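Have a look at the structure below before the remarks.
Just so it is clear, the model here is predicted, and its values are computed rather than measured.
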Amino acid sequence: MITRDDLMQIGQIVKPHGLQGEVAFTFTSDIFDETEPPCFICELDGIFVPFFIESYRFKNDETALVKFEGVNSADEAKELIKANLYIEKTFVPEDVEQSEVEGVDYYLGFRVFDEKGDLIGTIEGVDDSSDNVLFLVMSPDDEELYIPATDEYIIEINDEEKTMSMDLPEGLLDLYK
């Protein structure tokens, strides 16, 4: 039996594509560059159901199209709309970091420190509505801060302790309050 602990969410099916059972899904991970699993797992009515991949291709940077074996019409594809899409963790190569697989959502719950070691706050959300992805950080004083989620400002990440050290330009935090 497949359990949630065995899986890694990679996206969600958004709509049928064409008349032959192909579906479009948005993906939250670039794991496709690293692995080719034989199937995707869809969560349907709380049950994890494997669907073997006949073919898939990228439509753009956020959407891919997949044709599952046994799904051969637009009506059958409609049954999968809004289903969360997963792959089994066993298909993720060992050298791929968890953050690469899960995207910026991986950092939710991380404590953020400045270059001096002072706590800025805890990452409680991610705003990826534009090309400039921002971490929503809640400060110890319960202030919402928006910090650019860019490698340019990140000094160090400790996955085990769930901490991130950042070197932010002076005054940046005041802009994003």
| query | Can you check side chain to side chain contact (heavy atoms under 4.5 Å, CB included) on Arg111 and Lys162, steps first, answer last? | reply | CA-CA 6 Å; Arg111 291 175 298 135; Lys162 295 189 81 164; over 6 Å; no
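- The stretch residues 10-20 participates, sequence neighbours left out, in no salt bridge (Lys or Arg N to Asp or Glu O under 4.0 Å) pair at all.
- The shortest side-chain heavy-atom distance between Phe113 and Ile120 does not fall under the 4.5 Å cut-off.
- We find the CG-CG distance between Leu145 and Leu134 to be 11.5 Å, quoted to the nearest 0.5 Å.
- The cluster map of Ile, Leu, Val, Met, Phe, Trp and Tyr, joined by side-chain heavy atoms under 4.5 Å apart, puts Ile157 and Val137 in the same cluster.
- Under the rule for a salt bridge (charged side-chain N to carboxylate O under 4.0 Å, His left out), Glu88 has no partner lying at least two apart in sequence or in another chain.
- Between the NZ atom of Lys89 and the CG atom of Leu7 there is a distance of 8.0 Å, given to the nearest 0.5 Å.
- Rounded to the nearest 0.5 Å, atoms CG (Leu44) and CG (Leu80) are 6.0 Å apart.
- Around atom CG of Leu19, no more than 12 heavy atoms belonging to other residues, nucleotides or ligands sit under 6.0 Å away.
- Listed by chain and residue number, Thr3 satisfy the side chain to side chain donor-acceptor pair (under 3.5 Å) test with Asp6 (two or more places apart in sequence, or in another chain).
- Remark: Tyr153 pairs with no residue by the side chain to side chain donor-acceptor pair (under 3.5 Å) rule, at least two apart or across chains.
- In this structure, Glu43 and Ala83 approach most closely via the heavy-atom pair O-CB, 3.8 Å.
- Between Phe68 and Phe51, the two ring planes are tilted [angle within 30° to 60°].
- Atom-to-atom distance recorded for Ile123:CD1 and Met164:CE is 4.0 Å, nearest 0.5 angstrom.
- The distance from the CZ atom of Arg57 to the NE2 atom of His17 is 5.0 Å, given to the nearest 0.5 Å.
- Ring-plane geometry between Tyr56 and Phe40 is classed as tilted, the angle between the planes lying from 30 to 60 degrees on a 0 to 90 degree scale.
- In this view, Glu54 and Lys67 satisfy the salt bridge (charged side-chain N to carboxylate O under 4.0 Å, His left out) rule, not counting sequence neighbours.
- Hydrophobic clustering, with ILVMFWY side chains joined whenever heavy atoms are under 4.5 angstrom apart, groups Leu108 together with Ile147.
- Atom CD of Glu69 has more than 12 heavy atoms from other residues, nucleotides or ligands within 6.0 Å.
- Residues passing the ring-ring contact (aromatic ring centres under 6.0 Å, His included) test with Phe110, sequence neighbours excluded: Tyr106, Tyr107.
- Side-chain heavy atoms closer than 4.5 Å link hydrophobic residues (I, L, V, M, F, W, Y) into clusters, and following such links, possibly through other members, connects Val49 to Leu85.
- Note that OG of Ser165 is 13.0 Å distant from NZ of Lys116, once rounded to the nearest 0.5 Å.
- For the pair Asp141 (side chain) and Glu143 (backbone), a donor-acceptor distance under 3.5 Å is absent.
- Closest approach of Thr63 and Ala24 over heavy atoms only: CG2-CB, 4.1 Å.
- Tyr86 and Phe52 end up in different hydrophobic clusters when Ile, Leu, Val, Met, Phe, Trp and Tyr side chains are linked at under 4.5 Å.
- Dense packing is recorded around CD of Glu115, with more than 12 heavy atoms of other residues, nucleotides or ligands lying under 6.0 Å away.
- Transitive grouping of hydrophobic side chains (ILVMFWY, heavy atoms separated by less than 4.5 Å) keeps Phe25 and Ile41 in distinct clusters.
- Scanning all heavy atoms of the two residues, the minimum distance from Ala77 to Gly21 falls at CB-O, 3.8 Å.
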